[in-house]
**Student:** 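Before I ask anything, here is the structure I am working with.
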Amino acid sequence: MDQNQSSLSQLRILHLAGSSVSEFFYRLSLIYVQEVVQPPGVQSYYALVNPDGYWQLGTSLENLSQKMSFRDAIAQLPQIDVVVPHLFCVPGLTSYRSFFEDVLRLPVVGSPANCTSLSIDKYLTKSIVSASGVRVANGQLLRRGDTVKIKPPFIVKPNSKDNSVGLSLVRNQTQIAEALRIGFEQEETLLIENYIPGRELRVGVVELKGKLSVLPIIEYVFGSDSSIRSLDDKLELGADGLPHKQPQKPAAKPICPAKVDSELFEKVATAAKRAHRALGCRDYSLYDFRVETKTNEPYFLEAGLFWSFGHNSMISRMLVADGQNLSDVAEKLWRTVAKRSHRDDFSVQGESRSLVGQL
């Protein structure tokens with residue numbers, strides 16, 4: 001065994017979680033990070049940023065330090081090989097990823113910050129994916145005072161929000177004003193796009209053994225009173241309006257593997273891999289598609305570059321449906337990422353941390 005392999009015999013993972021933006025994103029992050037798999041060959045550490053901006057470190061979520069400043073937290077980081085992010089707010093998807101990877105020079109699992117930053121903008125994401133040859137629903141970017149040019153039925157959603165926050169399905173002209181009101185409560189820029197009647201699929205791409213693999217597909221099966229996924233299908237909110245857990249019985253029930261024929265699977269698999277490459281994704285990616293009832297053609301909706309490596313995560317469910325062991329795949333992927341940056345942990349981390357005093 002060479003020196004590099006020996007140093008990785010016990011892989012040291014830093015799980016980066018929480019949010020300094022809001023209690024909503026903080027709770028959302030905790031829902032996912034507390035279920036992350038713990039492979040036997042991994043030593044886990046946690047860095048938790050709180051809504052008040054202070055940080056905590058520890059070997060588990062139940063064994064965290066007293067709160068400290070960001071500068072002190074960086075200075076006290078243990079020696080680690082890989083950072084696994086579990087952050088869903090904008091800084092968590094962008095600046096924190098960039099700081100750990102580009103400043104501290106620590107390999108980060110998942111897409112780089114420039115890619116996740118791009119994916120936050122739904123309209124821009126669709127434009128790039130469309131240019132790569134992937135079919136997308138016709139859409140319009142709308143700001144206050146603009147005229148809606150698309151005819152119902154169409155979807156209204158904030159351009160950079162996730163979890164269906166502020167989303168509405170407009171079936172006729174009388175519903176437009178209320179849908180815009182709901183959307184503009186969340187954001188000043190809305191995405192209006194044609195509603196595609198048909199099946200809703202979620203497609204996962206994972207980089208395994210040097211190639212892109214499309215996993216078994218998830219289909220969301222709707223009840224008779226629903227045709228789109230709402231916030232309630234994705235998160236269970238408490239009386240305080242904050243996320244407490246994932247819903248046990250969502251109205252849009254996820255089925256994995258979805259019953260798709262080989263022709264449809266090839267269409268969505270090709271589209272997902274094209275989107276992965278066009279957006280500059282890395283390690284894994286996740287996409288929502290609508291399959292039009294009449295034509296059986298898939299339409300790209302949006303990208304979600306998240307994987308918390310917990311058993312309830314969508315990519316995790318896909319792997320299990322494929323007969324793979326989640327713990328094994330997670331460890332193999334993390335080890336692959338750890339080898340992405342060849343450096344002396346002590347010298348590089350030490351040199352980078354010396355910059356923290358200048359922040």
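Worth saying up front: this structure is predicted, and the values here are computed from it rather than measured.
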**Student:** Check this for me, if you would: do Glu23 and Arg27 make a salt bridge, where the nitrogen-to-carboxylate-oxygen distance has to be below 4.0 angstrom?
**Tutor:** yes
**Student:** How far apart are the closest heavy atoms of Asp146 and Leu141, and which atoms are they?
**Tutor:** OD2-O, 4.2 Å
**Student:** Determine whether Asn63 and Ser60 satisfy the following criterion, side chain to side chain donor-acceptor pair (under 3.5 Å), listing intermediate values before the conclusion.
**Tutor:** CA-CA 5 Å; Asn63 183 31; Ser60 72; 5.0 Å; no
**Student:** Do the side chains of Leu305 and Phe309 join up, straight or via other hydrophobic residues, at under 4.5 Å, putting them in one cluster?
**Tutor:** no
**Student:** Measure the CG-CZ distance between Leu301 and Arg202 for me, rounded to the nearest 0.5 Å.
**Tutor:** 10.0 Å
**Student:** For Phe88 and Phe306, take the angle between the two ring planes, folded into 0 to 90°, and tell me which bin it lands in: parallel under 30, tilted 30 to 60, perpendicular over 60.
**Tutor:** perpendicular
**Student:** Measure from NZ or CZ of Arg290 to the centre of the six-membered ring of Tyr299, then state whether that distance is under 6.0 Å and the direction lies within 45° of the axis.
**Tutor:** no
**Student:** Whether the side chain of Ser308 engages the backbone of His86 through a donor-acceptor N/O pair (distance < 3.5 Å, no angle test) should be reported.
**Tutor:** no
**Student:** Is it true that Arg105 and Glu101 make a salt bridge, defined as a side-chain N closer than 4.0 Å to a carboxylate O?
**Tutor:** no
**Student:** Does Glu219 reach the side chain of Arg199, with side-chain heavy atoms less than 4.5 Å apart?
**Tutor:** yes
**Student:** Under the side chain to side chain donor-acceptor pair (under 3.5 Å) test against Lys157, which residue among Gln186, Glu187, Glu193 passes?
**Tutor:** Glu193
**Student:** Linking I/L/V/M/F/W/Y whenever their side-chain heavy atoms sit closer than 4.5 Å, directly or via other members, would Ile74 and Met68 fall into one cluster?
**Tutor:** yes
**Student:** For a quick test of reading the model, state the closest non-hydrogen atom pair linking Val205 to Lys273 and the distance between them.
**Tutor:** CG2-N, 4.4 Å
